[in-house]
Amino acid sequence: MRSDTVSGCVLDAYERADPTTKRRKLPALQGEHPMVLVLSRGGFCPKERRQAEGLVALHRELEVGYCRLVTISTDSITETNEYRSGVGAHWPFLSDPDRKIQKDLDIAEYTDPLHNPMIPHVIVLQPGLVIYKIYMGYWFFGRPTMEELRQDLRAVTRKCRPDWDITTPELKAAWQQGRKELFYPYGKTYAQALGEQD
């Protein structure tokens, strides 16, 4: 991976198409939430399908934990849709058939010239596309387990949510003073927060 793509750096605000051909930007998909970004080899790969199947169960937790999940592969839009449907996923899958991200991040899997996929990576992002952790999964066991992702998201959420510990006297006092902007959804209505979800 490109040498400047490390923990603490900001990931580029990539824009790719989803299976409906709608252009989607990573910052808009992330919003103000932690996000797991899966850079995938594609739906042809059994390792990718197995990883996505594990993420299907985790995604239900991410939704109630106000975290986001996005998968990007070098598959065509049709293949991307088939991959997403085939594993029963309900989060955004984006298509990068021209390999913009693969080239930009320098993650071409040179050992598979037939498919020319990305070397699979999972990137855990803090709000603002700030990289928290990167996993490289050329070998399946280089990929994060669902428990590792839970632990990463716990750490990221603790950092980015000012109301992580609502038992503190300061937060209790703030609530009693009506300072609701310190508590989720941070100055928005729940309807506005739900409207930002994908």
Side-chain angles (χ1 to χ4, degrees), residues 1-2 4-5 9-60 62-63 66-110 112-132 134-138 143-144 149 153 192-198:
M1 186 170 274
R2 205 173 68 200
D4 64 344
T5 308
C9 294
V10 177
L11 188 69
D12 290 344
Y14 295 111
E15 178 181 355
R16 301 281 83 194
D18 70 13
T20 69
T21 70
K22 180 179 178 183
R23 306 284 296 175
R24 309 294 295 274
K25 291 184 179 180
L26 288 183
L29 290 169
Q30 182 181 31
E32 301 170 356
H33 305 285
M35 185 164 76
V36 175
L37 177 63
V38 179
L39 301 176
S40 169
R41 295 186 78 227
F44 71 91
C45 177
K47 294 183 282 284
E48 293 297 325
R49 289 193 306 272
R50 180 61 198 106
Q51 180 183 21
E53 289 166 356
L55 289 168
V56 166
L58 182 65
H59 184 242
R60 294 179 66 199
L62 297 179
E63 288 181 303
Y66 304 110
C67 297
R68 302 292 184 253
L69 176 59
V70 174
T71 296
I72 303 174
S73 76
T74 54
D75 288 339
S76 69
I77 287 176
T78 302
E79 292 165 331
T80 298
N81 187 53
E82 291 169 353
Y83 176 23
R84 183 177 189 249
S85 297
V87 297
H90 299 286
W91 63 86
F93 273 53
L94 305 180
S95 178
D96 186 29
D98 59 355
R99 291 158 172 75
K100 177 185 182 339
I101 296 169
Q102 178 211 59
K103 293 171 188 169
D104 189 52
L105 293 177
D106 192 22
I107 56 172
E109 189 178 317
Y110 58 88
D112 184 358
L114 175 65
H115 295 102
N116 188 21
M118 294 187 265
I119 297 171
H121 286 78
V122 175
I123 304 174
V124 179
L125 296 161
Q126 300 174 72
L129 298 179
V130 176
I131 298 170
Y132 175 74
I134 301 172
Y135 295 91
M136 192 277 294
Y138 179 70
R143 299 165 192 225
L149 290 175
L153 291 169
Q192 290 169 322
L194 290 172
E196 294 172 355
Q197 292 183 9
D198 188 59

Enquirer: Drop me the distance from Glu109's CD to Gln102's CD, to the nearest 0.5 angstrom.
Expert: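 It is 9.5 Å, given to the nearest 0.5 Å.
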Enquirer: Please report the interatomic distance CG(Leu37) to CG(Leu69), rounded to the nearest 0.5 Å.
Expert: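 Output value for this atom pair is 8.5 Å.
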Enquirer: Which residue pairs satisfy the salt bridge (charged side-chain N to carboxylate O under 4.0 Å, His left out) criterion with at least one member in residues 27-40, sequence neighbours excluded?
Expert: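 Residue pairs passing salt bridge (charged side-chain N to carboxylate O under 4.0 Å, His left out), neighbours aside: Glu32-Lys188.
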Enquirer: Which atoms form the tightest heavy-atom contact between Lys47 and Tyr138, and what is the distance?
Expert: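 That would be CE-O, 4.4 Å.
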Enquirer: Are Asp12 and Leu105 close enough that some pair of their side-chain heavy atoms sits under 4.5 Å apart?
Expert: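 Not touching, per the 4.5 Å side-chain cut-off.
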Enquirer: Salt-bridged, Arg24 to Glu15, with N to O below 4.0 Å?
Expert: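 Not counted as a salt bridge, because no side-chain N and carboxylate O are separated by less than 4.0 Å.
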Enquirer: List the atom pairs, donor and acceptor, that lie under 3.5 Å between side-chain atoms in residues 118-132 and the rest of the protein, sequence neighbours left out.
Expert:
residue	atom	partner	partner atom	Å
His121	ND1	Ile119	O	2.8
Gln126	OE1	Lys159	NZ	3.1

Enquirer: Enter the distance from Thr71:OG1 to Leu39:CG here, rounded to the nearest 0.5 Å.
Expert: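 Here the interatomic distance stands at 9.0 Å.
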Enquirer: Closer than 4.0 angstrom, basic N to acidic O: yes or no for Asp106 and Arg2?
Expert: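 A salt bridge is absent here (no side-chain N lies under 4.0 Å from a carboxylate O).
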Enquirer: More than 12 non-hydrogen atoms from neighbouring residues, nucleotides or ligands closer than 6.0 Å to CZ on Arg23, yes or no?
Expert: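 Yes - once you tally the heavy atoms of other residues, nucleotides and ligands closer than 6.0 Å, there are more than 12.
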Enquirer: Less than 3.5 Å apart, any donor N or O on the side chain of Tyr14 or Asp96 sitting next to an acceptor on the other?
Expert: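 No, no side-chain donor-acceptor contact under 3.5 Å.
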Enquirer: Looking at every non-hydrogen atom in both residues, tell me the closest pair between Leu149 and Leu55 and how far apart they are.
Expert: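 Shortest heavy-atom contact: CD1-CD2, 3.9 Å.
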Enquirer: Side chains of Tyr135 and Arg143, heavy atoms from C-beta outward: is any pair under 4.5 Å?
Expert: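 No, side chains not in contact.
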Enquirer: Is it the case that the side chains of Gln30 and Arg68 hold a donor-acceptor pair, with the cut-off being a distance below 3.5 Å and no angle test?
Expert: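 Note: Arg68 and Gln30 side chains miss the donor-acceptor criterion.
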Enquirer: Asp98 versus Lys103: any side-chain heavy-atom pair under 4.5 Å?
Expert: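 No, too far: nothing below the 4.5 Å cut-off.
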Enquirer: Taking the side chain as every heavy atom from C-beta outward, state whether Leu94 and Leu29 have any pair of such atoms under 4.5 Å apart.
Expert: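 Answer yes - side chains close enough.
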Enquirer: Quick one: do Arg50 and Glu53 make a salt bridge, cutoff under 4.0 Å?
Expert: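 Answer for the salt bridge query: yes.
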Enquirer: Any sub-3.5 Å donor-acceptor pair from Arg99's side-chain atoms to Pro97's backbone N or O?
Expert: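 Such a contact is found between Arg99 side chain and Pro97 backbone.
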Enquirer: To the nearest 0.5 Å, what is the distance between CD (Gln51) and CZ (Arg41)?
Expert: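 Those atoms lie 11.5 Å apart.
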Enquirer: So do Phe93 and Ser40 actually touch side chain to side chain, heavy atoms under 4.5 Å?
Expert: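 A side-chain contact is absent here, since even the closest heavy-atom pair is not under 4.5 Å.
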Enquirer: Is it the case that the side chain of Ser95 and the backbone of Asp75 share a donor-acceptor pair, with hydrogens and angles ignored and the cut-off at 3.5 Å?
Expert: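 Indeed, once roles are kept as given, a pair shorter than 3.5 Å links the two residues.
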Enquirer: Kindly give the heavy-atom pair with the smallest separation between Asn116 and Ala108, and that separation in Å.
Expert: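 So the minimum-distance heavy-atom pair works out to OD1-CB, 4.4 Å.
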Enquirer: Are Val70 and Val38 side-chain neighbours, meaning at least one heavy-atom pair lies under 4.5 Å?
Expert: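 Val70 vs Val38: side chains apart.
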Enquirer: Would you call Thr80 and Ser73 a side-chain contact if the rule is heavy atoms closer than 4.5 Å?
Expert: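 They are in side-chain contact.
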Enquirer: Go through the steps to decide whether Val36 and Leu58 satisfy the test side chain to side chain contact (heavy atoms under 4.5 Å, CB included), and finish with yes or no.
Expert: CA-CA 11 Å; Val36 175; Leu58 182 65; 5.8 Å; no
Enquirer: Do the non-hydrogen side-chain atoms of Leu153 and Tyr66 ever get within less than 4.5 Å of each other?
Expert: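 No - every pair of side-chain heavy atoms lies 4.5 Å or more apart.
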Enquirer: Counting N and O atoms only, with roles assigned by atom type, does the side chain of Glu79 sit under 3.5 Å from a partner on the main chain of Ser76, one being a donor and the other an acceptor?
Expert: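 Present.
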Enquirer: Using the side chain to side chain contact (heavy atoms under 4.5 Å, CB included) rule, take Tyr83 and Arg49 through it: C-alpha gap first, then chi angles, then the decisive distance, then the call.
Expert: CA-CA 8 Å; Tyr83 176 23; Arg49 289 193 306 272; 4.2 Å; yes
